[in-house]
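Have a look at the structure below before the remarks.
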Amino acid sequence: MKTFILTIAGGGSTYTPGIVKSLLMRKDQFKLEELRMYDIDAERQNKVAVIVKEVVKEMDPSLKLVLTTDPEEAFKDADFVFAQMRVGKYKMRELDEKIPLKYDVVGQETCGPGGMAYGLRTIFPMIELIDFVEKYAKKTCWIVNYSNPASIVAEAIRRLRPNSRIMNICDMPVGVMRNMAAILGVAREELTVDYFGLNHFGWFTKVYVNGEDKLPVLREHARVHGLLTEDMSKVDVQHSDPSWIKTYKNIKYLVDMFPEYIPNPYMQYYLLSDHIVANTNKERTRANEVMEGREKRLFDAVDQYLATGEMNKDAFYVGVHGLFIVDVAISLAFDLRKRFLVIVENKGAIKNLPDDAMVEIPAYITSNGPEPVRVGEIPTFYKGLIEQQLAAEKLLVDAALENSYEKALMAFTMNKTVKSAFQAKQILDDLIEANKEYWPELR
Ligand code: NAD
């Protein structure tokens, strides 16, 4: 049986135990010979590894587990790398969220000025990671990347490392499909969807179950309930925090006004930005919710295990996040040609968008990478919105590569969440100050 060396980059992520569990649930199909955790923060990674070691002991005790901060040890002869780095960690995410909110602008991890700030921190560390992998791993190694902000990261990689073997993915569409399946009373695997857009900026246009388009049924449900079933806490812990419940509920406003398609939940930040800001607690944002929730639960479980030898298995979970990345890797490993939504270079797939846009669309995942489907032409409303967002993302990558303050200001001004160039400048200047340690210099 073929076996694989797999490295999780960003091993200190609180998602790592869930991803490892998901990998080991599939060991009969995708057998690991060695599992490595790589991070630049050894202390954080060692803590998370306390739980990971337990998962390995229980599910595949003979598996070799390596923890390292050394890129050569991490990537030597690797077959797969799962990337999930958060540059600046939650401390910087909190600032990404709170600085724009000071000016009554959406404060969010990947959308608006916060997302652009995160992008400027992440572009070069991601390129460095790709270079490590290309230097040490097998030539056939695939990087499957969750690191956000995925659109900006993907655009920078397209320009700087166009031939790298990287699949940029996002769990949001799969999360939506999980909710759609719960609403329709079928398994998620029974859905086949059509979708177009950029990452965190797109629309479901068809939702097939057994060849029948169920979008009309979902539309009627979503108009009243958003994409919620009666008890979301039974569906997935990851998306049952109060802010996620609100997010799935807000879809009802968008579907009511624009019933043609079902939007990605992140569209709320662009199309309902005034409502979002008015309903946000500026002192306690999503970063606080995660630090006091998911992160605390996991680190408390580590402390409890070290003190008592008892493991709280509710401190982490697999969820669609853990399942999806493993599904993609298995399709890459065995040429399964499974259909998933992934981020790819457009190259004509959406006919009336530029060839060099990094778009999120369905693709068949083969061992040579994605074979995207042809989407065709998209209607003017969506095309206009996407072009504006795409321009902001491209300008931001220009700013990073050219060290250009003016391009960064253009990107911030262009973003739909920002009202004026004055406002863009104030937020940009505050973010420059906050990100001194991380951003390329903007002159
Ligand atoms: P986290 O802060 O818990 O973990 C991230 C880890 O990355 C930390 O341990 C940190 O030390 C490490 N790191 C930072 N810079 C690094 C570098 N240069 N090399 C190696 N490791 C580095 O964050 P999290 O909440 O688990 O999220 C991890 C990533 O996954 C983030 O980018 C997040 O936005 C992304 N994410 C994506 C999706 C998606 O569907 N696309 C969903 C959830 C999270």
Side-chain angles (χ1 to χ4, degrees), residues 7-20 36-49 51-52 67-71 74-75 81-94 96-97 108-111 114-115 117-119 121-133 143-154 167-178 198-200 236 238-239 241 244 264-266 286-287 289-291 293-299 316-317 319-325 327-328 340-343 360 437-438:
T7 308
I8 299 182
S13 158
T14 49
Y15 286 111
T16 301
I19 289 178
V20 171
R36 302 178 187 154
M37 289 168 61
Y38 165 76
D39 206 292
I40 53 171
D41 181 339
E43 194 186 334
R44 186 179 171 94
Q45 173 159 275
N46 286 341
K47 271 199 199 172
V48 172
I51 310 263
V52 172
L67 308 182
T68 183
T69 55
D70 172 32
F75 303 117
V81 173
F82 286 1
Q84 46 165 359
M85 64 168 73
R86 183 183 293 285
V87 181
K89 292 183 272 195
Y90 276 90
K91 175 175 74 72
M92 292 308 296
R93 175 173 174 175
E94 188 178 4
D96 291 345
E97 292 171 348
Q108 212 278 327
E109 177 193 19
T110 63
C111 303
Y118 189 15
R121 287 199 300 279
T122 310
I123 289 174
F124 292 108
M126 267 309 295
I127 297 297
E128 183 185 54
L129 179 77
I130 292 171
D131 290 348
F132 286 148
V133 174
I143 304 173
V144 190
N145 181 42
Y146 261 148
S147 311
N148 270 322
S151 268
I152 291 167
V153 166
M167 283 286 329
N168 292 296
I169 61 166
C170 173
D171 69 9
M172 187 72 265
V174 200
V176 170
M177 287 165 69
R178 172 207 53 210
L198 310 172
N199 179 243
H200 289 183
D236 186 338
Q238 182 187 352
H239 290 152
D241 282 348
W244 272 110
N264 186 300
Y266 285 93
R286 175 81 194 138
E289 201 175 274
V290 177
M291 286 186 281
R294 190 173 71 232
E295 209 174 45
K296 183 171 181 315
R297 264 196 309 276
L298 192 79
F299 291 139
F316 72 93
Y317 50 89
V320 286
H321 185 83
L323 297 173
F324 180 47
I325 193 166
D327 275 339
V328 170
F340 297 115
L341 298 185
V342 292
I343 302 160
E360 193 163 55
E437 246 185 87
Y438 298 99

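In listed order, ligands and their atoms are each counted from 1.
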- Should the ring pair F340 and F324 be called parallel, tilted or perpendicular, given that the plane angle runs from 0 to 90° and is split at 30 and 60? perpendicular
- Message: By the definition side-chain contact (heavy atoms from CB on, under 4.5 Å), identify the one residue from V48, T69, V20 that meets it with M37.
- Response: V48
- Item | Test item: I19 and I8 side chains (from C-beta on) under 4.5 Å apart, heavy atoms | yes
- Message: Evaluate M85 for polar contact with ligand 1, using N/O atom pairs at a separation under 3.5 Å.
- Response: yes
- At a 4.0 Å threshold, what atoms of ligand 1 neighbour a non-hydrogen atom of S147? 32 (O)
- Query: Should you measure from each heavy atom of E109, which atoms of ligand 1 turn up under 4.0 Å away?
  - Reply: 33 (C), 34 (O)
- Under 4.0 Å to a heavy atom of I169 - the qualifying atoms of ligand 1, by number: 41 (N)
- Task: Would you check whether R294 reaches within less than 4.0 Å of ligand 1, judged by its heavy atoms?
- Result: yes
- Task: List every atom of ligand 1 that sits less than 4.0 Å from any heavy atom of G12, numbering the atoms from 1 in the order shown and giving each element.
- Result: 9 (O)
- If you measure from atom 3 (O) of ligand 1 to every heavy atom of Q45, R44, M37, K91, which option wins on shortest distance? R44
- Task: Could you tell me which non-hydrogen atom of Y146 sits nearest to which non-hydrogen atom of H321, and how far apart they are?
- Result: OH-O, 2.7 Å
- Over all heavy atoms of both residues, which pair between R36 and A74 is shortest? Give the atoms and the distance, please. NH1-O, 3.1 Å
- Message: Given R121, R86, H200, identify the one with the heavy atom nearest to atom 27 (O) of ligand 1.
- Response: R86
- Could you verify whether a donor N or O on one side chain and an acceptor N or O on the other, from N145 and S147, lie under 3.5 Å apart? yes
- Find all atoms of ligand 1 within a distance of less than 4.0 Å from any non-hydrogen atom belonging to T14, and give their numbers and elements. 3 (O), 26 (O)
- Message: With the threshold set at under 4.0 angstrom, would you say E295 reaches ligand 1 through any of its heavy atoms?
- Response: no
- Considering only NZ, NE, NH1 and NH2 on the basic side and carboxylate oxygens on the acidic side, decide whether R93 and E97 come within less than 4.0 Å. yes
- Message: For ligand 1 and Y15, I'd like to know whether there is a polar contact (N/O to N/O, distance under 3.5 Å).
- Response: no
- Note on the structure: The option among F82, F124, Y38, Y146 carrying the non-hydrogen atom nearest to atom 39 (C) of ligand 1 is Y146
- If we only count heavy atoms from C-beta on, is the M85 to V153 side-chain gap below 4.5 Å? no
- Answer yes or no for R294 and Y15: cation-pi contact, defined as NZ/CZ to six-membered ring centre under 6.0 Å and angle to ring axis within 45°. yes
- Task: Could you list which atoms of ligand 1 come closer than 4.0 Å to a heavy atom of D171?
- Result: 39 (C), 40 (O), 42 (C)
- Note on the structure: If we number the atoms of ligand 1 from 1 as shown, the ones under 4.0 Å from a heavy atom of Y90 are 1 (P), 2 (O), 3 (O), 23 (O), 24 (P), 25 (O)
- Check ligand 1 against D41 and write out every atom of the ligand that is under 4.0 Å from a heavy-atom position of the residue. 11 (O)
- Task: Kindly confirm or rule out a cation-pi arrangement of R86 over Y90, judged by NZ or CZ under 6.0 Å from the six-membered ring centre and within 45° of its axis?
- Result: yes
- Can you tell me if A150 has a non-hydrogen atom under 4.0 Å from ligand 1? no
- Message: Let's go through Q84 and T16 carefully: what are the C-alpha distance in whole Å and the side-chain angles of both, what is the deciding distance for side chain to side chain contact (heavy atoms under 4.5 Å, CB included) to 0.1 Å, and is it a yes or a no?
- Response: CA-CA 9 Å; Q84 46 165 359; T16 301; 3.0 Å; yes
- Task: Say whether V48 and ligand 1 are in contact under the criterion: heavy-atom distance to a ligand atom below 4.0 Å.
- Result: no
- Kindly identify the option in Y118, F324, Y438, F132 whose heavy atom sits closest to atom 31 (C) of ligand 1. Y118
